Structures are given as C-alpha cells and as structure tokens.
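The first residue in the sequence is number 1, and the count goes up from there. Keep in mind the model is a prediction, meaning the values are calculated, not measured.
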Amino acid sequence: MKKTLLLTALICSSFSLYAQDKKIAEECFKKADYKCAEEQYTKLLEKQQIQKYQSEYYNSLGTAQRRLGKTALALKSYESALKTNPLSAPVYANLASLNSQKGNKTKALEYISTGLTIDAENPEFYLTRSKIYDSQGKKDLALNDLKQILTFAPDNIYAKTGLANLKKNNGDLEGALKDYNQLISEKPESLLYNGRADVYFKMKKPKEALTDANKAISIDPKFAHSYVTKALVLFDTAKPKEACENLNKAVSLGYEKAILADYFAKCVAK
C-alpha cells in the first residue's frame with residue numbers, strides 16, 4: 001500500500017514538474033524571449049518520453065530556433081517532430097513554411113499535400129500554398145486557396161489580408177487600399193495597419209505609410225513585421241540609422257535576420 005502511494009506521489013510530482021517547465025517555456029514565447037524558449041524546450045525534451053509530447057516540444061523548439069535565425073537547427077527540430085508524430089498537421093505546416101522560405105517550393109508543396117490529408121481545414125496550409133502559387137505567377141490558384149479558407153473560417157484575418165495582398169502584388173494598389181480601409185473599419189488591428197502601410201509605401205506615400213506603421217506598433221509593440229515595414233519607409237526617406245534600429249528591433253522580436261540580409265547590408269557596421 002505504501003509503495004503504491006509513493007509511486008502515485010512520484011508520478012504526480014513528475015507531471016507537476018513537466019507542467020511547470022512547459023508553462024515557463026510558453027511564457028518565454030509570450031515575452032518574445034526565444035533564447036529562453038529554446039533552452040526550456042530543450043530541457044523538456046531531455047525529460048519527456050511520450051512521443052506525442054516530444055513532437056509538440058520539437059515543434060515549438062523549431063519555431064524558437066527559427067525566430068533566432070537558426071534555420072538549419074529549426075529544420076532538424078521540425079523533422080524530429082514529424083518523426084515522433086507523423087500525423088501532426090502543425091508540424092507539416094511549419095515544414096512547408098520553412099521549406100518555402102528556403103526556396104524549396106516543391107518540397108513545401110509536398111508537405112502541404114500530405115498535411116491536408118490529415119487536416120483539410122488548417123488555414124496555414126492554404127496560406128503558404130497561396131503565397132507559393134502567387135510567387136509562381138499562378139494567380140487563380142493563389143486566389144482559390146484564400147477563398148477556400150473563408151469557406152470554413154470566414155473571419156480568418158490572414159485570408160482576408162491575403163486577398164488584399166494579391167491585389168497589391170498584381171499592381172492593383174487602389175483595390176488593395178480599399179480592402180484594407182474596409183478591414184480596418186471593421187477591426188483595427190496591428191496586422192491590418194501594417195498591411196496598409198505597405199500599400200501606402202508602394203504608392204509612394206511615405207508619410208501615410210509611416211503613420212500606419214507607427215499605429216501598428218502602438219497597438220502591438222511585439223509585432224515584428226511592423227518594424228520591418230517602418231525600416232523600409234525610413235530607408236526610402238534617407239534615414240538609414242533609424243531604419244537599421246528598427247530592423248534590429250524586428251530581429252529581437254523574432255523576425256528571421258536571414259530574410260533581411262539585403263537590408264542589413266545597408267546598415268553601417270559600428
């Protein structure tokens with residue numbers, strides 16, 4: 001009886017420690033402290049034996065590493081996540097996104113195709129595939145994927161902004177601006193102000209672009225994309241020092257530095 005009670009106590013204690021460590025890791029993510037998140041998820045993986053949870057931790061570890069610019073390590077972590085749970089749709093979504101970013105569109109599309117057999121209503125698959133199709137000039141397919149998201153997630157803001165961005169990418173800046181104005185009137189969010197800022201930037205309206213980028217930052221100071229948009233406007237208005245400061249801020253919040261290599265080349269090393 002005593003042995004049973006002791007074993008039960010040890011199991012409860014173990015679960016409590018796992019829960020505490022996981023909470024710490026999640027808090028690190030919320031604070032955009034990705035170095036801390038990387039360390040915490042690595043510790044969790046050293047202790048965890050259940051494959052389902054291992055997969056979740058590898059997946060989160062990969063995302064933390066990706067935000068830190070450790071792309072090769074992130075890819076390995078995502079692959080480990082897939083190995084421990086081959087039926088995890090979020091892992092397929094991350095592998096597709098990362099491979100697309102690295103330029104391996106064929107591999108990304110393969111991950112999306114498999115992932116959709118597991119979860120046909122995961123917006124991430126359609127969002128990533130839409131961007132790939134758009135980059136390949138397959139505008140109709142890109143449009144269809146965004147519309148598909150709205151059939152099962154009619155309020156998905158990423159699909160709606162994606163539709164506006166398709167217009168922007170196709171040169172219909174007035175149409176994109178109209179869409180963003182409508183979306184902001186319905187729900188003024190950081191993502192939307194940042195999107196409209198980019199439209200203004202492409203319309204050669206730096207004053208309006210800077211106003212919207214600052215508005216996006218004021219709504220959500222941890223939204224890294226807004227600092228990138230602001231940096232582009234500042235570069236364009238001959239303010240490289242301020243632009244570089246905003247690039248560094250974006251990277252500190254998890255924006256992958258490798259993507260910004262061309263812009264960082266404009267920054268003068270101290």
Side-chain angles (χ1 to χ4, degrees), residues 32 93 97 100-101 121-239 242-243 245-247 249-251 253-256 259-260 262-263:
S97 175
S100 176
Q101 178 197 311
E121 294 191 350
N122 186 320
E124 294 300 320
F125 293 127
Y126 297 100
L127 290 168
T128 299
R129 192 168 67 179
S130 177
K131 290 177 183 177
I132 293 173
Y133 284 152
D134 187 31
S135 70
Q136 295 175 335
K138 301 174 182 178
K139 308 300 180 182
D140 290 341
L141 292 177
L143 182 63
N144 288 340
D145 269 352
L146 294 174
K147 288 183 176 179
Q148 180 63 27
I149 294 172
L150 296 177
T151 64
F152 58 82
D155 295 324
N156 188 287
I157 193 170
Y158 297 104
K160 291 181 178 180
T161 56
L163 290 170
N165 288 334
L166 276 182
K167 291 183 180 179
K168 177 187 70 178
N169 295 340
N170 290 326
D172 183 8
L173 297 179
E174 291 294 342
L177 181 60
K178 182 179 179 181
D179 285 355
Y180 271 112
N181 287 340
Q182 179 62 37
L183 289 168
I184 288 172
S185 70
E186 296 171 357
K187 198 172 185 180
E189 292 191 5
S190 181
L191 174 69
L192 298 176
Y193 277 105
N194 182 67
R196 192 171 70 176
D198 191 48
V199 174
Y200 278 134
F201 176 65
K202 286 179 169 54
M203 295 176 81
K204 307 298 182 184
K205 295 183 177 181
K207 183 179 178 180
E208 290 86 346
L210 195 58
T211 297
D212 268 3
N214 284 329
K215 180 66 176 178
I217 290 169
S218 70
I219 294 173
D220 183 4
K222 293 183 179 180
F223 185 46
H225 287 73
S226 298
Y227 295 95
V228 175
T229 303
K230 184 176 180 179
L232 300 188
V233 178
L234 291 168
F235 274 128
D236 201 53
T237 52
K239 295 179 180 178
E242 292 178 49
E245 289 172 354
N246 278 274
L247 287 181
K249 180 65 176 178
V251 170
L253 291 171
Y255 203 101
E256 294 178 59
I259 299 175
L260 304 172
D262 290 343
Y263 298 113

Taking every non-hydrogen atom, the tightest pair across [X] and [Y]:
{"X": "Ser226", "Y": "Ser190", "result": "OG-OG, 3.8 Å"}
{"X": "Thr229", "Y": "Asp198", "result": "CG2-N, 4.2 Å"}
{"X": "Leu253", "Y": "Pro221", "result": "CD1-O, 3.5 Å"}
{"X": "Ser130", "Y": "Ala142", "result": "OG-O, 2.9 Å"}
{"X": "Ala164", "Y": "Ala176", "result": "O-CB, 3.4 Å"}
{"X": "Ala159", "Y": "Asn156", "result": "N-OD1, 2.8 Å"}

Answer yes or no: is there a side-chain heavy-atom contact under 4.5 Å between [X] and [Y]?
{"X": "Leu150", "Y": "Leu163", "result": "yes"}
{"X": "Phe152", "Y": "Tyr126", "result": "yes"}
{"X": "Glu189", "Y": "Ile219", "result": "no"}
{"X": "Phe235", "Y": "Tyr263", "result": "yes"}
{"X": "Gln101", "Y": "Glu256", "result": "yes"}
{"X": "Tyr200", "Y": "Leu177", "result": "yes"}

Return the [atom1] to [atom2] distance between [X] and [Y], rounded to the nearest 0.5 Å.
{"X": "Lys202", "Y": "Asn169", "atom1": "NZ", "atom2": "CG", "value": "7.0 Å"}
{"X": "Thr211", "Y": "Arg196", "atom1": "OG1", "atom2": "CZ", "value": "9.5 Å"}
{"X": "Leu166", "Y": "Leu143", "atom1": "CG", "atom2": "CG", "value": "6.0 Å"}
{"X": "Lys187", "Y": "Asp155", "atom1": "NZ", "atom2": "CG", "value": "7.0 Å"}
{"X": "Ile149", "Y": "Asn122", "atom1": "CD1", "atom2": "CG", "value": "9.0 Å"}
{"X": "Lys160", "Y": "Ile157", "atom1": "NZ", "atom2": "CD1", "value": "8.0 Å"}

I'd like to know if the side chain of [X] reaches the main chain of [Y], judged simply by a donor and an acceptor atom lying under 3.5 Å from each other, with no hydrogens or angles considered.
{"X": "Tyr227", "Y": "Glu245", "result": "no"}
{"X": "Asp220", "Y": "Ala216", "result": "no"}
{"X": "Asp236", "Y": "Leu232", "result": "no"}
{"X": "Ser218", "Y": "Lys215", "result": "yes"}
{"X": "Ser97", "Y": "Ala93", "result": "no"}

**OP:** Decide side chain to side chain contact (heavy atoms under 4.5 Å, CB included) for Asp145 and Phe125; before the verdict, give the C-alpha distance in whole Å, the side-chain angles of both, and the deciding distance to 0.1 Å.
**Re:** CA-CA 9 Å; Asp145 269 352; Phe125 293 127; over 6 Å; no
Original post:
Taking Asp134 as the fixed residue, which of Lys139, Lys168, Arg129 is the one that meets the salt bridge (charged side-chain N to carboxylate O under 4.0 Å, His left out) rule?
Top reply: Lys139
Subject >> side chain to side chain contact (heavy atoms under 4.5 Å, CB included) assessment of Lys230 paired with Glu242 >> reply: CA-CA 9 Å; Lys230 184 176 180 179; Glu242 292 178 49; 5.8 Å; no
Original post:
Can a donor-acceptor pair be found between the side chains of Tyr180 and Asn194 at a distance below 3.5 Å?
Top reply: no
Subject >> Residue Tyr158 excluded, over 12 heavy atoms near OH under 6.0 Å >> reply: no
